[in-house]
**Q** 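Take a look at the following structure, please.
Ligands are counted one by one from 1 in listed order, and the atoms in each one are counted from 1 as well.
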Amino acid sequence: MADAKTLIIAIDGPSGAGKGTVARAVATTLGLRHVDTGAMFRAVSWKAVHDQLPLDDDAAVARIASQAAIDVEGGIVRIDGHDVTRAIRTPEVDAAASAVAKLPTVRSLLVARQRAYGAGGVVMEGRDIGTVVFPDADVKIYLDASAEERARRRTADAGHSGGASGAAEVARAMAERDKADSTRAVAPLTLAPDAVYVDTTTLSINDVVERVMALVAQAARR
Ligand code: DC
């Protein structure tokens, strides 16, 4: 029987589907490390904006992805020692991260870091965890929700500043990023054939966590 502490649990899906809340709860319950890979893309993008780099320059942004100290442990996000936990959740970094996420060298450098983080057991959330980072993950979940519900959750998210934008603008910008994330050439957001699809639109966080824990129990018996 596999030990739940060594399981690799991949949680993918678009923004606002509930990945963060669910991944954190599952990691806490199982005593596993939780890694938010979106925060890694956001931290690199924050630094690229800070350093005034062109966001389509793969080689320049890749230098950040290879050289910067990036730490996403325990809900605090740091890059080269700067606490950017709040600074990475702004409309400007939303857009920058979506652009940076298209860059192939940046992606492969971050994927290598993510694999190193996950060795030995992890709950990892992102867009390509079950398809690219850990194609052999023990549990693969794809969380989704209606566009309206995802925009509502994002607007209500206290950790994410909306800037001057209202709910309609949040929904519009989110739809644009979802489209970019799902149609880009490298590692687009797609449902892995062996992932369990969960529509969370009408589910509580507890419902979703229970669903994931049931899949974990099944995987631990294999
Ligand atoms: O999950 P998030 O909204 O914090 O992600 C920020 C951006 O990074 C978003 O445009 C999707 C992208 N991303 C990605 O391409 N691959 C991942 N594994 C995680 C995030």
**Q** Which ligand 1 atoms are under 4.0 Å away from a heavy-atom of Ala97?
**A**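 Checking each atom against Ala97, I get 7 (C).
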**Q** Has Arg42 got any heavy atom lying under 4.0 angstrom from an atom of ligand 1?
**A**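 Under 4.0 Å: yes for Arg42.
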**Q** Taking atom types as modelled, find out whether Thr85 and Asp83 have a side-chain donor-acceptor pair closer than 3.5 angstrom.
**A**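 A pair is found: one side chain offers a donor N or O, the other an acceptor, under 3.5 Å apart.
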**Q** Could you tell me which atoms of ligand 1, counted from 1 in the order shown, lie closer than 4.0 angstrom to a heavy atom of Arg89?
**A**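 It comes down to these atoms of ligand 1: 4 (O).
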**Q** Rounded to the nearest 0.5 Å, what separation is found between the NZ atom of Lys140 and the CD1 atom of Ile11?
**A**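 Output value for this atom pair is 13.5 Å.
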**Q** Looking only at distance, does Arg107 have an N or O less than 3.5 Å from an N or O of ligand 1?
**A**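 Indeed, backbone or side chain, Arg107 has an N or O that close.
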**Q** Between Arg153 and Thr200, does any side-chain donor sit less than 3.5 Å from a side-chain acceptor?
**A**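 The answer is yes; a qualifying pair exists.
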**Q** Less than 3.5 Å between some nitrogen or oxygen of Arg184 and one of ligand 1, yes or no?
**A**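 Checking ligand 1 against Arg184, an N or O pair does fall under 3.5 Å apart.
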**Q** Give a yes or no on whether Arg86 atom CZ has more than 12 heavy-atom contacts from other residues, nucleotides or ligands under 6.0 Å away.
**A**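 No - once you tally the heavy atoms of other residues, nucleotides and ligands closer than 6.0 Å, there are 12 at most.
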**Q** What residues, two or more places apart in sequence or in another chain, satisfy side-chain hydrogen bond (donor to acceptor under 3.5 Å, both in side chains) together with Thr37?
**A**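 Thr37 satisfies side-chain hydrogen bond (donor to acceptor under 3.5 Å, both in side chains) with no other residue.
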**Q** Applying side-chain contact (heavy atoms from CB on, under 4.5 Å) between Met174 and each of Glu169, Lys179, Arg150, report the one that passes.
**A**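 Filter result, single survivor: Arg150.
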**Q** Please enumerate all residues that pass ring-ring contact (aromatic ring centres under 6.0 Å, His included) together with Tyr142, with sequence neighbours excluded.
**A**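 Scan of Tyr142 (ring-ring contact (aromatic ring centres under 6.0 Å, His included), adjacent residues dropped) gives Tyr197.
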**Q** Considering only heavy atoms of Thr37, which atoms of ligand 1 have at least one such atom less than 4.0 Å away?
**A**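 That gives atoms 17 (C), 18 (N), 19 (C) of ligand 1.
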**Q** Side chain, backbone, both or neither: which part of Met40 comes within less than 4.0 Å of ligand 1 when only heavy atoms are counted?
**A**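 Neither part.
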**Q** For the atom pair CG (Leu109) and CZ (Arg107), what is the distance rounded to the nearest 0.5 Å?
**A**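 If I round to the nearest 0.5 Å, the distance is 11.5 Å.
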**Q** If hydrogens are left out, which of Ser98, Ala99, Ala101 has an atom nearest to atom 12 (C) of ligand 1, that is, the closest non-hydrogen atom?
**A**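 Of the listed residues, Ala101 has the closest heavy atom.
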**Q** Among all protein non-hydrogen atoms, which one is nearest to atom 8 (O) of ligand 1, and what is the separation to 0.1 Å?
**A**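 Result: Phe41 CB, 3.7 Å.
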**Q** Does a donor on one side chain and an acceptor on the other come within less than 3.5 Å for Asp128 and Thr131?
**A**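 No donor-acceptor contact under 3.5 Å links the two side chains.
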**Q** How does Glu125 reach ligand 1, by side chain, by backbone, by both or by neither, if only non-hydrogen atoms under 4.0 Å count?
**A**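 Neither part.
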**Q** Checking contacts here: is it the side chain or the backbone of Lys102 that comes within 4.0 Å of ligand 1, counting heavy atoms only? Could be both or neither.
**A**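 For Lys102, there is no contact with ligand 1 at all, from either part.
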**Q** Look at atom 20 (C) of ligand 1 and say which protein heavy atom is nearest, naming residue and atom and giving the distance to 0.1 Å.
**A**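 Protein heavy atom at minimum distance: Gly38 CA, 3.6 Å.
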**Q** Ligand 1 and Gln114, any nitrogen or oxygen pair closer than 3.5 angstrom?
**A**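 No; every N/O pair is 3.5 Å or more apart.
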**Q** Heavy-atom contacts with Asp181 under 4.0 Å: which atoms of ligand 1 show up? List them by number with element.
**A**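 That gives atoms 9 (C), 10 (O), 11 (C) of ligand 1.
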**Q** So which heavy atom in the protein is nearest atom 1 (O) of ligand 1, and how far is it from that ligand atom?
**A**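 For atom 1 (O) of ligand 1, the nearest protein heavy atom comes out as Arg127 NH1, 2.8 Å.
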**Q** Looking only at heavy atoms, which two atoms of Arg42 and Ala97 are closest? And how far apart?
**A**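 Nearest heavy atoms, Arg42 then Ala97: CG-CB, 4.1 Å.
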